[in-house]
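Beneath this line is the structure, given in structure tokens, with notes to follow.
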2 protein chains.
Amino acid sequence: MSENLASKITDSELEVMKLLWRTEDALPVTVIREKLQESKGWEPATIKTLISRLVSKGVVRQEKRNVYYYSPVITEKEYSSWATKDLITRLYNGKARDLIASLVNSEGLSQDDIAELRDMFKVEE
Amino acid sequence: MSENLASKITDSELEVMKLLWRTEDALPVTVIREKLQESKGWEPATIKTLISRLVSKGVVRQEKRNVYYYSPVITEKEYSSWATKDLITRLYNGKARDLIASLVNSEGLSQDDIAELRDMFKVEE
DNA sequence: CATTAGAGTTGACAATTGTAGCCTGCAGTG
DNA sequence: CACTGCAGGCTACAATTGTCAACTCTAATG
């Protein structure tokens with residue numbers, strides 16, 4: 001959950017989460033391993049460690065079948081949103097608007113982005 | 001600098017940076033120590049370690065006088081901006097606009113914020 | 001049923017981070 | 001000028017993170 005995210009998801013762990021988020025169903029290690037071994041070049045042991053840590057942290061759930069099937073406990077949106085809020089707290093005095101202002105002045109946004117955002121805020125309420 | 005930020009500034013180190021950013025002039029350890037000892041409850045040794053690490057990382061510069069005076073090499077804006085971009089890369093597929101969209105839908109922004117942002121984008125270009 | 005591949009578990013090890021102590025030399029004070 | 005406090009530099013140590021190996025036990029396969 002956004003609020004009770006006890007310990008952060010680390011960079012390596014995030015790669016596993018991303019894979020789980022991209023999938024509808026729970027996945028067995030075999031599948032997770034196949035994908036990440038290829039895309040990340042990680043050894044099976046590494047991947048198993050990351051999964052275990054995510055389970056310990058409570059952000060991945062394991063479901064017992066023949067073999068465990070893993071699925072995310074938090075959604076990508078929940079996590080992104082939590083991480084974003086965390087960034088805002090730490091670097092923007094808790095003001096989301098300061099973050100956006102910073103993006104606007106600092107090549108963070110393309111003209112297209114800005115146009116789209118203008119629309120977004122127009123519709124918004 | 002935004003780009004060549006080799007190693008990240010950690011949470012504890014960030015507290016030191018914030019103090020330096022808030023000050024015009026370079027500061028001697030004495031001053032840094034006074035402020036952080038009080039606000040953070042850190043031992044002098046801890047503060048000295050943090051400063052050293054920041055110097056090693058190249059984000060704080062030391063200037064020799066009787067005693068070293070310390071000042072930031074990167075500005076707060078540069079760092080915030082870098083950290084924000086990093087977040088966008090890691091969690092929003094590199095699309096700043098997705099971050100903002102996420103803020104808009106998810107109690108991240110107050111009505112006031114939204115009103116202000118609407119103005120911001122109106123003026124913008 | 002014996003064999004084998006691999007899931008799950010435990011341990012490991014280096015680098016980073018959070019926190020702090022020790023020692024030495026200098027600078028300011030009486 | 002002797003004394004003392006503290007800056008600077010070095011060391012330390014536990015927890016976390018990035019990577020991975022070894023071992024055990026089970027399920028699938030011939």
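Labels below follow one simple rule: chain letters A, B, ... track the order of the sequence lines, proteins then strands, and each chain is numbered from 1.
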Exercise. Could you give the distance from NZ (Lys85(A)) to OG (Ser80(A)), rounded to the nearest 0.5 Å?
Worked result: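 Between Lys85(A) NZ and Ser80(A) OG, I get 12.0 Å after rounding to 0.5 Å.
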Exercise. How long is the span from the OG atom in Ser52(B) to the CD atom in Glu13(B), to the nearest 0.5 Å?
Worked result: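 Spacing of OG (Ser52(B)) from CD (Glu13(B)) equals 10.5 Å.
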Exercise. Per the atom types in the model, does the base of dT26(D) pair as donor or acceptor with the side chain of Arg65(A) at under 3.5 Å?
Worked result: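 A donor-acceptor contact between them is absent.
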Problem set entry | Donor/acceptor link under 3.5 angstrom from Arg53(B) side chain onto base of dT19(C) |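 A donor-acceptor contact between them is present.
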For this session: Return the set of residues passing side chain to side chain donor-acceptor pair (under 3.5 Å) with Gln37(B) (not counting sequence neighbours), or none when no residue passes.
Result: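 Expected list: Arg33(B).
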For this session: Report whether Met17(B) and Leu50(B) are members of the same hydrophobic cluster (ILVMFWY, side-chain heavy atoms less than 4.5 Å apart, transitive linking).
Result: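 Yes; Leu50(B) is reachable from Met17(B) via cluster members.
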Exercise. Which residues, if any, of residues 10-19 of chain B bring a heavy atom under 4.0 Å of DNA chain D?
Worked result: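 Output list: empty, so none.
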For this session: Output the residues of residues 22-48 of chain A in contact with DNA chain D, where contact means a heavy atom of the residue under 4.0 Å from an atom of the strand; sort by number or write none.
Result: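 Those residues whose heavy atoms fall under 4.0 Å from DNA chain D, taken from residues 22-48 of chain A in numerical order, are Trp42(A), Glu43(A), Ala45(A), Thr46(A).
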State plainly whether the residues [X] and [Y] are in salt-bridge range, i.e. N to O under 4.0 Å.
X        : Y         : answer
Asp11(A) : Arg90(B)  : yes
Glu63(B) : Arg65(B)  : yes
Arg97(B) : Asp112(A) : no

Please give, in whole Å, the distance from [N] [atom2] to [X] [atom1]?
X        : N       : atom1 : atom2 : value
Tyr68(B) : dG25(C) : OH    : P     : 16 Å
Ile51(B) : dC10(D) : CD1   : C1'   : 16 Å
Lys8(A)  : dT17(D) : NZ    : P     : 9 Å
Leu50(B) : dT17(C) : CG    : P     : 11 Å

For this session: Ignoring backbone atoms, establish whether Lys57(A) has a side-chain N or O less than 4.0 Å from OP1 or OP2 of dT17(D).
Result: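 Answer is yes, contact under 4.0 Å.
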Problem set entry | Any Asn66(B) side-chain N or O less than 4.0 Å from OP1/OP2 of dG28(C) |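 Yes, such a contact exists.
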Exercise. With a 4.5 Å heavy-atom cut-off, do Trp21(B) and Leu14(B) have their side chains touching?
Worked result: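 Yes; the side chains approach each other to less than 4.5 Å.
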Exercise. On the ring face of Tyr68(B), is Lys64(B) found with NZ or CZ under 6.0 Å from the centre and within 45° of the axis?
Worked result: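 That pair qualifies as a cation-pi contact.
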Exercise. Using a cut-off of 4.0 Å on non-hydrogen atoms, how would the nucleic acid contact of Tyr70(A) be classed: base, sugar-phosphate, or nothing?
Worked result: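 Sugar-phosphate only.
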